[in-house]
Amino acid sequence: MSGNDPVLLSNTKEVQERFSEMIRETLTSIFNSFSDDSAFSGIDPYELRAKIGNLGFLPEEGKGFEKVLEETEKEIMPHLLRTWSTKYMPHLHSPVLTETICSELIIACFNDSLDSWDQGPAATEMEESMIHGLLGLFGFSADKGDGCFTSGGSQSNISAIIAARDWYCARKFGWDVKLNGLPPEYSKLRVYTSEISHFSMDKASHILGMGYNAVRKIPVDSTCRIDLGAFEKMLEEDVAAGLYPYCAVATFGSTDFGSIDDAAGMRKLCDRYGMHLHADAAYGSGLIMSQKYKERIGAISMCDSITVDFHKMFLMPISCSAILVKDRELLRCFELHADYLNREEDEEDGYINLVGKSMQTTRRFDALKVFMAFQTRGANGYAEIIDKSVGNAKYMFDKISRNPAFIAPVEPKLSSVVFALDAVDEVNKKVRRQLLSEGTVIGQTVKDGRVMLKFTLLNPNLEPAQIDEIVDRIEALGKQLS
Ligand SMILES: *Cc1c(COP(=O)(O)O)cnc(C)c1O
(Lines give C-alpha, C1' and ligand atoms only; values in the text may rest on other atoms or scores of the structure.)
Protein backbone atom coordinates (compact mmCIF):
# COMPACT_ATOMS: atom_id res chain seq x y z
CA MET A 1 0.00 0.00 0.00
CA SER A 2 1.33 3.44 -0.76
CA GLY A 3 1.02 6.16 1.87
CA ASN A 4 -2.31 6.27 3.60
CA ASP A 5 -4.42 5.57 0.54
CA PRO A 6 -6.97 2.96 1.58
CA VAL A 7 -7.06 0.01 -0.79
CA LEU A 8 -10.79 -0.44 -0.50
CA LEU A 9 -13.85 1.25 0.98
CA SER A 10 -15.08 -0.16 4.26
CA ASN A 11 -17.32 0.55 7.21
CA THR A 12 -14.51 2.02 9.30
CA LYS A 13 -14.45 5.70 10.10
CA GLU A 14 -10.78 6.11 9.26
CA VAL A 15 -11.19 4.81 5.72
CA GLN A 16 -14.30 6.86 5.17
CA GLU A 17 -12.67 10.08 6.32
CA ARG A 18 -9.67 9.54 4.09
CA PHE A 19 -11.87 8.65 1.12
CA SER A 20 -14.02 11.74 1.66
CA GLU A 21 -10.82 13.76 1.57
CA MET A 22 -9.80 12.09 -1.69
CA ILE A 23 -13.16 13.00 -3.20
CA ARG A 24 -12.85 16.62 -2.00
CA GLU A 25 -9.34 16.88 -3.42
CA THR A 26 -10.52 15.37 -6.70
CA LEU A 27 -13.31 17.93 -6.93
CA THR A 28 -10.87 20.75 -6.23
CA SER A 29 -8.62 19.52 -9.04
CA ILE A 30 -11.55 19.26 -11.42
CA PHE A 31 -12.73 22.77 -10.64
CA ASN A 32 -9.18 24.14 -10.89
CA SER A 33 -9.09 22.84 -14.43
CA PHE A 34 -12.32 24.66 -15.34
CA SER A 35 -10.15 27.69 -15.94
CA ASP A 36 -12.63 29.58 -18.12
CA ASP A 37 -15.87 28.90 -19.96
CA SER A 38 -14.24 27.48 -23.09
CA ALA A 39 -14.77 23.87 -24.13
CA PHE A 40 -11.15 23.05 -24.88
CA SER A 41 -7.69 24.33 -24.18
CA GLY A 42 -6.86 24.53 -27.88
CA ILE A 43 -3.62 22.53 -27.49
CA ASP A 44 -2.32 20.97 -30.69
CA PRO A 45 -2.34 17.17 -31.03
CA TYR A 46 1.47 16.74 -31.24
CA GLU A 47 2.08 18.74 -28.10
CA LEU A 48 -0.63 16.84 -26.25
CA ARG A 49 0.71 13.45 -27.40
CA ALA A 50 4.17 14.33 -26.11
CA LYS A 51 2.75 15.51 -22.79
CA ILE A 52 0.76 12.31 -22.30
CA GLY A 53 3.69 10.18 -23.46
CA ASN A 54 5.86 11.73 -20.75
CA LEU A 55 3.56 10.61 -17.96
CA GLY A 56 4.93 7.10 -17.87
CA PHE A 57 3.10 3.83 -17.71
CA LEU A 58 3.71 1.69 -14.64
CA PRO A 59 6.19 2.92 -12.02
CA GLU A 60 8.04 0.39 -9.90
CA GLU A 61 6.76 2.00 -6.70
CA GLY A 62 3.38 3.66 -6.38
CA LYS A 63 3.46 7.46 -6.11
CA GLY A 64 0.43 7.73 -3.87
CA PHE A 65 -2.92 9.26 -4.71
CA GLU A 66 -2.04 12.87 -3.97
CA LYS A 67 0.92 12.96 -6.33
CA VAL A 68 -1.02 11.21 -9.08
CA LEU A 69 -3.96 13.56 -8.68
CA GLU A 70 -1.58 16.50 -8.91
CA GLU A 71 -0.11 15.18 -12.18
CA THR A 72 -3.52 14.40 -13.56
CA GLU A 73 -4.69 17.91 -12.68
CA LYS A 74 -1.65 19.49 -14.26
CA GLU A 75 -1.14 17.40 -17.39
CA ILE A 76 -4.45 15.78 -18.30
CA MET A 77 -7.44 17.63 -16.92
CA PRO A 78 -6.71 20.99 -18.60
CA HIS A 79 -6.94 19.25 -21.97
CA LEU A 80 -10.01 17.17 -21.32
CA LEU A 81 -13.03 18.34 -23.17
CA ARG A 82 -15.45 20.30 -21.01
CA THR A 83 -18.80 19.03 -22.20
CA TRP A 84 -20.68 21.41 -19.89
CA SER A 85 -19.38 24.40 -21.84
CA THR A 86 -21.86 26.19 -24.09
CA LYS A 87 -18.97 26.44 -26.57
CA TYR A 88 -19.08 22.68 -27.12
CA MET A 89 -21.60 21.83 -29.83
CA PRO A 90 -20.24 19.44 -32.44
CA HIS A 91 -21.58 15.99 -31.67
CA LEU A 92 -24.34 14.04 -30.02
CA HIS A 93 -22.13 14.07 -26.98
CA SER A 94 -23.79 15.72 -24.10
CA PRO A 95 -23.08 17.65 -20.96
CA VAL A 96 -24.35 15.72 -17.94
CA LEU A 97 -26.94 16.50 -15.30
CA THR A 98 -25.26 17.06 -11.95
CA GLU A 99 -27.33 14.43 -10.12
CA THR A 100 -26.19 11.79 -12.62
CA ILE A 101 -22.55 12.49 -11.75
CA CYS A 102 -23.49 11.65 -8.16
CA SER A 103 -25.15 8.49 -9.50
CA GLU A 104 -21.83 7.50 -11.07
CA LEU A 105 -20.16 7.81 -7.68
CA ILE A 106 -22.77 5.53 -6.15
CA ILE A 107 -22.45 3.06 -9.03
CA ALA A 108 -18.67 2.94 -8.61
CA CYS A 109 -18.70 2.74 -4.79
CA PHE A 110 -20.93 -0.33 -4.82
CA ASN A 111 -19.88 -1.76 -8.20
CA ASP A 112 -22.91 -4.03 -8.38
CA SER A 113 -23.23 -5.97 -11.60
CA LEU A 114 -26.30 -6.80 -13.59
CA ASP A 115 -25.51 -10.36 -14.59
CA SER A 116 -27.16 -12.24 -11.74
CA TRP A 117 -29.48 -11.28 -8.90
CA ASP A 118 -26.87 -12.12 -6.27
CA GLN A 119 -24.44 -9.65 -7.92
CA GLY A 120 -26.84 -6.75 -7.73
CA PRO A 121 -30.12 -7.31 -5.93
CA ALA A 122 -31.42 -3.73 -5.88
CA ALA A 123 -29.67 -3.00 -9.17
CA THR A 124 -31.50 -5.88 -10.87
CA GLU A 125 -34.88 -4.90 -9.46
CA MET A 126 -34.29 -1.23 -10.28
CA GLU A 127 -33.29 -1.97 -13.88
CA GLU A 128 -36.39 -4.14 -14.33
CA SER A 129 -38.54 -1.42 -12.85
CA MET A 130 -37.03 1.27 -15.11
CA ILE A 131 -37.44 -0.96 -18.18
CA HIS A 132 -41.10 -1.38 -17.23
CA GLY A 133 -41.54 2.35 -17.02
CA LEU A 134 -39.69 2.97 -20.28
CA LEU A 135 -41.84 0.45 -22.15
CA GLY A 136 -44.91 2.42 -21.08
CA LEU A 137 -43.27 5.76 -21.88
CA PHE A 138 -42.58 4.68 -25.47
CA GLY A 139 -46.05 3.19 -25.98
CA PHE A 140 -45.18 -0.50 -25.61
CA SER A 141 -47.09 -2.84 -23.30
CA ALA A 142 -45.07 -3.28 -20.10
CA ASP A 143 -46.48 -6.80 -19.69
CA LYS A 144 -45.74 -8.04 -23.19
CA GLY A 145 -42.54 -6.13 -23.85
CA ASP A 146 -39.08 -6.29 -22.41
CA GLY A 147 -35.77 -4.50 -22.55
CA CYS A 148 -32.26 -4.21 -21.27
CA PHE A 149 -29.70 -1.49 -20.64
CA THR A 150 -26.72 -1.55 -22.99
CA SER A 151 -23.40 0.19 -23.47
CA GLY A 152 -24.77 2.51 -26.15
CA GLY A 153 -26.80 2.93 -29.30
CA SER A 154 -24.42 0.76 -31.31
CA GLN A 155 -24.94 -2.16 -28.96
CA SER A 156 -28.68 -1.53 -28.76
CA ASN A 157 -28.86 -1.57 -32.56
CA ILE A 158 -26.88 -4.78 -32.97
CA SER A 159 -29.01 -6.39 -30.26
CA ALA A 160 -32.13 -5.49 -32.24
CA ILE A 161 -30.68 -6.83 -35.46
CA ILE A 162 -29.70 -10.12 -33.83
CA ALA A 163 -33.22 -10.45 -32.43
CA ALA A 164 -34.77 -9.61 -35.81
CA ARG A 165 -32.53 -12.06 -37.68
CA ASP A 166 -33.16 -14.93 -35.30
CA TRP A 167 -36.91 -14.26 -35.27
CA TYR A 168 -37.06 -14.12 -39.06
CA CYS A 169 -34.98 -17.26 -39.62
CA ALA A 170 -37.14 -19.23 -37.18
CA ARG A 171 -40.35 -18.09 -38.84
CA LYS A 172 -39.27 -18.16 -42.46
CA PHE A 173 -36.94 -21.16 -42.58
CA GLY A 174 -37.77 -22.97 -39.33
CA TRP A 175 -34.09 -22.42 -38.54
CA ASP A 176 -32.60 -21.99 -35.06
CA VAL A 177 -29.71 -19.55 -35.51
CA LYS A 178 -28.68 -19.78 -31.87
CA LEU A 179 -28.06 -23.48 -32.25
CA ASN A 180 -27.00 -23.82 -35.87
CA GLY A 181 -25.47 -20.48 -36.85
CA LEU A 182 -26.51 -18.75 -40.04
CA PRO A 183 -29.00 -20.55 -42.30
CA PRO A 184 -27.98 -21.73 -45.80
CA GLU A 185 -29.86 -18.70 -47.19
CA TYR A 186 -27.74 -16.29 -45.10
CA SER A 187 -26.19 -14.46 -48.03
CA LYS A 188 -29.66 -13.46 -49.21
CA LEU A 189 -30.81 -11.83 -45.98
CA ARG A 190 -31.27 -8.05 -46.26
CA VAL A 191 -31.78 -5.21 -43.78
CA TYR A 192 -33.09 -1.84 -45.04
CA THR A 193 -32.18 1.54 -43.72
CA SER A 194 -31.68 5.03 -45.06
CA GLU A 195 -28.49 6.06 -46.80
CA ILE A 196 -27.84 8.53 -43.96
CA SER A 197 -28.54 6.11 -41.13
CA HIS A 198 -25.93 5.34 -38.49
CA PHE A 199 -22.94 3.18 -39.48
CA SER A 200 -23.60 0.83 -36.58
CA MET A 201 -26.00 -0.99 -38.92
CA ASP A 202 -23.15 -1.81 -41.32
CA LYS A 203 -20.93 -2.84 -38.45
CA ALA A 204 -23.66 -5.05 -37.03
CA SER A 205 -24.21 -6.73 -40.38
CA HIS A 206 -20.50 -7.45 -40.69
CA ILE A 207 -20.18 -8.75 -37.14
CA LEU A 208 -23.23 -10.96 -37.66
CA GLY A 209 -21.65 -12.63 -40.66
CA MET A 210 -23.81 -11.06 -43.33
CA GLY A 211 -21.57 -8.21 -44.43
CA TYR A 212 -22.06 -4.62 -45.52
CA ASN A 213 -23.69 -5.76 -48.74
CA ALA A 214 -26.61 -7.14 -46.76
CA VAL A 215 -27.47 -3.57 -45.72
CA ARG A 216 -29.63 -1.96 -48.36
CA LYS A 217 -29.41 1.82 -48.29
CA ILE A 218 -32.65 3.56 -49.15
CA PRO A 219 -32.35 7.03 -50.69
CA VAL A 220 -33.66 9.99 -48.69
CA ASP A 221 -35.81 12.88 -49.87
CA SER A 222 -34.98 16.59 -49.59
CA THR A 223 -35.89 16.55 -45.88
CA CYS A 224 -33.47 13.65 -45.25
CA ARG A 225 -36.24 11.12 -44.60
CA ILE A 226 -36.51 7.70 -46.23
CA ASP A 227 -38.10 7.88 -49.68
CA LEU A 228 -40.95 5.39 -49.17
CA GLY A 229 -41.53 4.94 -52.90
CA ALA A 230 -37.90 3.98 -53.36
CA PHE A 231 -38.11 1.62 -50.38
CA GLU A 232 -41.18 -0.12 -51.81
CA LYS A 233 -39.53 -0.50 -55.22
CA MET A 234 -36.36 -1.89 -53.65
CA LEU A 235 -38.34 -4.48 -51.71
CA GLU A 236 -40.25 -5.58 -54.82
CA GLU A 237 -37.06 -5.94 -56.82
CA ASP A 238 -35.15 -7.71 -54.06
CA VAL A 239 -37.90 -10.23 -53.40
CA ALA A 240 -38.21 -10.86 -57.15
CA ALA A 241 -34.46 -11.49 -57.19
CA GLY A 242 -34.83 -14.15 -54.48
CA LEU A 243 -33.53 -12.08 -51.57
CA TYR A 244 -34.99 -12.17 -48.03
CA PRO A 245 -35.81 -8.79 -46.47
CA TYR A 246 -35.86 -9.51 -42.73
CA CYS A 247 -35.60 -6.12 -41.08
CA ALA A 248 -35.94 -2.39 -41.66
CA VAL A 249 -34.53 0.34 -39.47
CA ALA A 250 -36.33 3.66 -39.13
CA THR A 251 -34.06 6.41 -37.87
CA PHE A 252 -35.67 8.69 -35.29
CA GLY A 253 -33.17 11.50 -35.46
CA SER A 254 -30.44 10.97 -38.01
CA THR A 255 -27.02 11.66 -36.54
CA ASP A 256 -26.31 14.73 -38.68
CA PHE A 257 -29.66 16.23 -39.51
CA GLY A 258 -31.96 14.94 -36.80
CA SER A 259 -34.43 13.89 -39.50
CA ILE A 260 -37.15 11.41 -38.53
CA ASP A 261 -38.20 8.64 -40.93
CA ASP A 262 -41.87 7.94 -41.63
CA ALA A 263 -42.15 4.81 -39.49
CA ALA A 264 -45.91 4.50 -40.10
CA GLY A 265 -45.27 4.22 -43.83
CA MET A 266 -42.42 1.78 -43.22
CA ARG A 267 -44.63 -0.31 -40.91
CA LYS A 268 -47.07 -1.02 -43.77
CA LEU A 269 -44.28 -2.26 -46.00
CA CYS A 270 -42.73 -4.32 -43.21
CA ASP A 271 -46.09 -5.99 -42.54
CA ARG A 272 -46.53 -6.73 -46.22
CA TYR A 273 -43.15 -8.49 -46.37
CA GLY A 274 -43.12 -10.03 -42.88
CA MET A 275 -40.21 -7.91 -41.64
CA HIS A 276 -39.10 -6.65 -38.23
CA LEU A 277 -39.14 -2.85 -37.89
CA HIS A 278 -36.52 -1.38 -35.59
CA ALA A 279 -36.46 2.24 -34.40
CA ASP A 280 -32.98 3.68 -34.08
CA ALA A 281 -33.95 6.49 -31.73
CA ALA A 282 -30.49 6.85 -30.19
CA TYR A 283 -30.81 10.58 -30.83
CA GLY A 284 -34.54 11.34 -31.14
CA SER A 285 -35.77 9.31 -28.17
CA GLY A 286 -35.31 12.39 -25.98
CA LEU A 287 -38.32 14.03 -27.66
CA ILE A 288 -40.60 11.66 -25.74
CA MET A 289 -40.03 13.93 -22.71
CA SER A 290 -41.41 16.99 -24.49
CA GLN A 291 -45.16 17.66 -24.49
CA LYS A 292 -44.55 20.15 -27.28
CA TYR A 293 -42.58 17.92 -29.67
CA LYS A 294 -43.23 14.30 -28.71
CA GLU A 295 -45.73 13.79 -31.53
CA ARG A 296 -42.79 14.11 -33.94
CA ILE A 297 -41.76 10.63 -32.81
CA GLY A 298 -45.33 9.42 -32.27
CA ALA A 299 -44.95 6.50 -34.67
CA ILE A 300 -42.19 4.97 -32.54
CA SER A 301 -44.68 2.65 -30.81
CA MET A 302 -45.46 1.07 -34.21
CA CYS A 303 -41.94 -0.39 -34.29
CA ASP A 304 -40.98 -3.81 -32.91
CA SER A 305 -37.89 -2.60 -31.07
CA ILE A 306 -36.40 0.74 -30.01
CA THR A 307 -32.87 1.99 -29.33
CA VAL A 308 -32.85 4.69 -26.65
CA ASP A 309 -29.64 6.53 -25.78
CA PHE A 310 -29.59 8.31 -22.44
CA HIS A 311 -26.13 9.69 -23.04
CA LYS A 312 -27.38 12.04 -25.78
CA MET A 313 -30.51 14.21 -25.41
CA PHE A 314 -31.18 12.89 -21.90
CA LEU A 315 -27.86 14.37 -20.69
CA MET A 316 -26.48 11.39 -18.78
CA PRO A 317 -22.88 10.24 -18.37
CA ILE A 318 -21.50 7.68 -20.82
CA SER A 319 -22.53 4.97 -21.04
CA CYS A 320 -26.28 4.71 -20.76
CA SER A 321 -28.56 3.21 -23.37
CA ALA A 322 -31.37 0.69 -23.64
CA ILE A 323 -32.94 -1.67 -26.11
CA LEU A 324 -36.72 -2.07 -25.79
CA VAL A 325 -38.74 -4.79 -27.54
CA LYS A 326 -42.48 -4.99 -28.03
CA ASP A 327 -42.59 -8.78 -27.67
CA ARG A 328 -40.47 -10.17 -24.83
CA GLU A 329 -39.77 -13.34 -26.83
CA LEU A 330 -37.45 -11.28 -29.05
CA LEU A 331 -34.82 -10.88 -26.33
CA ARG A 332 -34.69 -14.64 -25.77
CA CYS A 333 -31.96 -14.66 -28.41
CA PHE A 334 -29.52 -13.80 -25.59
CA GLU A 335 -30.76 -16.41 -23.14
CA LEU A 336 -28.25 -19.04 -22.09
CA HIS A 337 -27.95 -20.91 -18.81
CA ALA A 338 -24.66 -21.35 -16.99
CA ASP A 339 -24.42 -23.53 -13.92
CA TYR A 340 -22.36 -21.03 -12.00
CA LEU A 341 -24.42 -17.95 -12.82
CA ASN A 342 -28.08 -18.17 -13.69
CA ARG A 343 -29.47 -21.53 -12.64
CA GLU A 344 -32.97 -22.16 -13.91
CA GLU A 345 -34.13 -23.23 -10.44
CA ASP A 346 -33.25 -19.76 -9.04
CA GLU A 347 -35.30 -18.06 -11.70
CA GLU A 348 -38.30 -20.18 -10.79
CA ASP A 349 -38.00 -18.82 -7.26
CA GLY A 350 -38.05 -15.20 -8.37
CA TYR A 351 -34.32 -14.47 -8.59
CA ILE A 352 -34.10 -12.70 -11.94
CA ASN A 353 -30.74 -12.96 -13.73
CA LEU A 354 -30.51 -10.22 -16.33
CA VAL A 355 -27.53 -11.77 -18.08
CA GLY A 356 -30.14 -13.66 -20.10
CA LYS A 357 -31.25 -10.47 -21.86
CA SER A 358 -27.88 -8.98 -22.67
CA MET A 359 -24.90 -9.37 -24.99
CA GLN A 360 -22.73 -8.45 -22.01
CA THR A 361 -22.06 -10.51 -18.90
CA THR A 362 -20.64 -8.14 -16.27
CA ARG A 363 -22.70 -5.01 -16.72
CA ARG A 364 -22.93 -1.55 -15.13
CA PHE A 365 -25.86 -0.33 -13.07
CA ASP A 366 -26.59 2.48 -15.52
CA ALA A 367 -30.31 2.37 -14.75
CA LEU A 368 -29.57 4.25 -11.53
CA LYS A 369 -28.71 7.35 -13.54
CA VAL A 370 -32.06 7.27 -15.30
CA PHE A 371 -33.86 6.73 -12.00
CA MET A 372 -32.10 9.59 -10.24
CA ALA A 373 -32.44 12.01 -13.16
CA PHE A 374 -36.12 11.22 -13.73
CA GLN A 375 -36.88 11.60 -10.03
CA THR A 376 -34.80 14.78 -9.68
CA ARG A 377 -36.15 16.61 -12.73
CA GLY A 378 -39.63 15.16 -13.10
CA ALA A 379 -41.51 15.14 -16.39
CA ASN A 380 -41.77 18.93 -16.38
CA GLY A 381 -38.11 19.56 -15.72
CA TYR A 382 -37.12 17.22 -18.50
CA ALA A 383 -39.62 18.76 -20.90
CA GLU A 384 -38.02 22.16 -20.29
CA ILE A 385 -34.56 20.80 -21.05
CA ILE A 386 -35.62 19.17 -24.31
CA ASP A 387 -37.75 22.13 -25.41
CA LYS A 388 -34.84 24.46 -24.83
CA SER A 389 -32.50 22.53 -27.09
CA VAL A 390 -35.08 22.03 -29.85
CA GLY A 391 -36.01 25.72 -29.55
CA ASN A 392 -32.36 26.76 -29.80
CA ALA A 393 -31.92 24.76 -33.01
CA LYS A 394 -34.95 26.47 -34.52
CA TYR A 395 -33.63 29.87 -33.44
CA MET A 396 -30.26 29.20 -35.02
CA PHE A 397 -31.73 27.80 -38.23
CA ASP A 398 -34.02 30.82 -38.62
CA LYS A 399 -31.11 33.20 -38.08
CA ILE A 400 -28.91 31.40 -40.60
CA SER A 401 -31.67 31.06 -43.18
CA ARG A 402 -32.20 34.83 -43.18
CA ASN A 403 -28.51 35.52 -43.84
CA PRO A 404 -27.35 35.21 -47.48
CA ALA A 405 -23.80 34.49 -46.28
CA PHE A 406 -24.99 30.99 -45.32
CA ILE A 407 -26.76 28.00 -46.77
CA ALA A 408 -28.83 25.73 -44.52
CA PRO A 409 -30.31 22.84 -46.46
CA VAL A 410 -32.54 21.06 -43.93
CA GLU A 411 -34.91 22.51 -41.33
CA PRO A 412 -34.15 20.88 -37.96
CA LYS A 413 -36.67 18.56 -36.31
CA LEU A 414 -34.45 17.96 -33.29
CA SER A 415 -31.53 19.92 -31.91
CA SER A 416 -28.95 19.89 -34.69
CA VAL A 417 -28.35 22.49 -37.36
CA VAL A 418 -26.29 21.75 -40.46
CA PHE A 419 -25.20 24.69 -42.57
CA ALA A 420 -22.27 26.16 -44.46
CA LEU A 421 -20.81 29.50 -45.28
CA ASP A 422 -21.62 30.09 -48.92
CA ALA A 423 -17.94 29.69 -49.77
CA VAL A 424 -15.57 26.95 -50.93
CA ASP A 425 -15.16 23.84 -48.75
CA GLU A 426 -11.67 24.93 -47.69
CA VAL A 427 -13.04 28.08 -46.03
CA ASN A 428 -15.62 26.11 -44.04
CA LYS A 429 -12.94 23.66 -42.91
CA LYS A 430 -10.58 26.47 -41.88
CA VAL A 431 -13.32 28.19 -39.90
CA ARG A 432 -13.93 25.04 -37.86
CA ARG A 433 -10.21 24.57 -37.15
CA GLN A 434 -9.81 28.20 -36.16
CA LEU A 435 -12.76 27.96 -33.75
CA LEU A 436 -11.27 24.80 -32.23
CA SER A 437 -8.04 26.62 -31.43
CA GLU A 438 -10.16 29.35 -29.77
CA GLY A 439 -11.87 26.75 -27.54
CA THR A 440 -15.16 26.66 -29.43
CA VAL A 441 -15.87 23.18 -30.75
CA ILE A 442 -18.31 22.72 -33.64
CA GLY A 443 -18.90 19.82 -36.00
CA GLN A 444 -18.28 19.20 -39.66
CA THR A 445 -19.99 16.86 -42.11
CA VAL A 446 -20.80 16.53 -45.80
CA LYS A 447 -24.12 17.04 -47.56
CA ASP A 448 -24.50 16.56 -51.33
CA GLY A 449 -20.72 16.56 -51.71
CA ARG A 450 -20.31 19.87 -49.86
CA VAL A 451 -18.51 20.42 -46.58
CA MET A 452 -20.96 21.58 -43.94
CA LEU A 453 -20.61 22.88 -40.43
CA LYS A 454 -22.73 21.31 -37.76
CA PHE A 455 -24.11 22.34 -34.41
CA THR A 456 -25.68 19.86 -32.04
CA LEU A 457 -27.31 22.03 -29.43
CA LEU A 458 -27.80 19.69 -26.49
CA ASN A 459 -26.78 22.18 -23.82
CA PRO A 460 -29.83 23.70 -22.11
CA ASN A 461 -27.70 26.55 -20.74
CA LEU A 462 -27.08 27.89 -24.23
CA GLU A 463 -28.86 31.19 -24.75
CA PRO A 464 -29.95 32.81 -28.03
CA ALA A 465 -27.48 35.67 -27.45
CA GLN A 466 -24.62 33.15 -27.50
CA ILE A 467 -25.99 31.67 -30.71
CA ASP A 468 -25.95 35.17 -32.24
CA GLU A 469 -22.36 35.59 -31.13
CA ILE A 470 -21.07 32.35 -32.65
CA VAL A 471 -22.94 32.80 -35.92
CA ASP A 472 -21.52 36.33 -36.23
CA ARG A 473 -18.03 35.02 -35.44
CA ILE A 474 -18.34 32.36 -38.17
CA GLU A 475 -19.46 34.95 -40.68
CA ALA A 476 -16.53 37.22 -39.80
CA LEU A 477 -14.03 34.33 -39.95
CA GLY A 478 -15.47 33.32 -43.31
CA LYS A 479 -14.59 36.76 -44.71
CA GLN A 480 -11.18 36.78 -43.05
CA LEU A 481 -10.18 33.28 -44.22
CA SER A 482 -11.55 33.52 -47.79
C1 LIG B 1 -25.18 8.06 -31.68
C2 LIG B 1 -25.99 7.21 -32.56
C3 LIG B 1 -25.82 5.83 -32.59
C4 LIG B 1 -24.71 5.15 -31.84
O5 LIG B 1 -24.92 5.23 -30.49
P6 LIG B 1 -23.67 5.09 -29.47
O7 LIG B 1 -24.33 5.31 -28.16
O8 LIG B 1 -22.71 6.16 -29.85
O9 LIG B 1 -23.11 3.73 -29.65
C10 LIG B 1 -26.67 5.08 -33.36
N11 LIG B 1 -27.63 5.66 -34.09
C12 LIG B 1 -27.82 7.00 -34.11
C13 LIG B 1 -28.91 7.58 -34.95
C14 LIG B 1 -27.01 7.81 -33.35
O15 LIG B 1 -27.17 9.14 -33.37
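All residue numbers refer to positions in the sequence shown, counting from 1. First listed ligand is number 1; within each ligand, the first listed atom is number 1.
Considering only heavy atoms from C-beta on, Met289 stays 4.5 Å or farther from Glu384 through its side chain. By the 4.5 Å heavy-atom criterion applied to side chains, Ile161 and His278 are not counted as neighbours. Under the 4.5 Å side-chain criterion, counting only non-hydrogen atoms from C-beta, Tyr246 is not in contact with His276.
Two rings, from His198 and Tyr283, have their centers 6.0 Å or more apart. A centroid separation of 6.0 Å or more is found between the aromatic rings of Phe419 and Phe397. Note: Phe365 and Phe149 fail the aromatic proximity criterion, with ring centroids not under 6.0 Å apart.
Closest to atom 6 (P) of ligand 1 among all protein heavy atoms lies Gly153 N, 3.3 Å. The shortest contact between atom 11 (N) of ligand 1 and any protein heavy atom is with Asp280 OD2, 2.6 Å.
The backbone N or O of Asn459 sits nowhere less than 3.5 Å from a side-chain atom of Ser389 that would complete a donor-acceptor pair.
A salt bridge links Arg332 with Glu335: at least one charged nitrogen is closer than 4.0 Å to a carboxylate oxygen.
Annotation: the span from Glu295 atom CD to Ile288 atom CD1 amounts to 10.5 Å, rounded to 0.5 Å. Distance check, rounded to the nearest 0.5 Å: NZ of Lys144 to CZ of Arg328 gives 11.5 Å.
Ligand 1 places these atoms under 4.0 Å from at least one heavy atom of Leu92: 15 (O). Taking every non-hydrogen atom of Asp309 and a distance limit under 4.0 Å, the qualifying atoms of ligand 1 come out as 5 (O), 6 (P), 7 (O). Taking a cut-off of under 4.0 Å to the non-hydrogen atoms of Asn157, the atoms of ligand 1 that pass are 10 (C), 11 (N). Against a heavy-atom cut-off of under 4.0 Å, Ser154 is close to the following atoms of ligand 1: 4 (C), 5 (O), 6 (P), 9 (O). Below 4.0 Å from some heavy atom of His198 lie the following atoms of ligand 1, by number and element: 2 (C), 3 (C), 4 (C), 10 (C), 11 (N), 12 (C), 14 (C). In summary, the atoms of ligand 1 found under 4.0 Å from a heavy atom of Gly152, numbered by their order in the structure, are 7 (O), 9 (O).
Here's the thing with Thr251: none of its N/O atoms is less than 3.5 angstrom from an N/O atom of ligand 1. Annotation: Lys312 places an N or O atom under 3.5 Å from an N or O atom of ligand 1; distance criterion only. The shortest N or O to N or O distance between Ser254 and ligand 1 is not under 3.5 Å. For a threshold of 3.5 Å applied to N or O pairs, the pair formed by His311 and ligand 1 contains at least one separation below that value.
Within the 4.0 Å heavy-atom cutoff, Gln155 does not count among the residues contacting ligand 1. Residue contact annotation: Gly253 has a non-hydrogen atom under 4.0 Å from ligand 1.
Within the 4.0 Å heavy-atom criterion, the part of Ala282 lying near ligand 1 is the side chain and not the backbone. With a heavy-atom cut-off of 4.0 Å, Thr307 does not touch ligand 1 at all.
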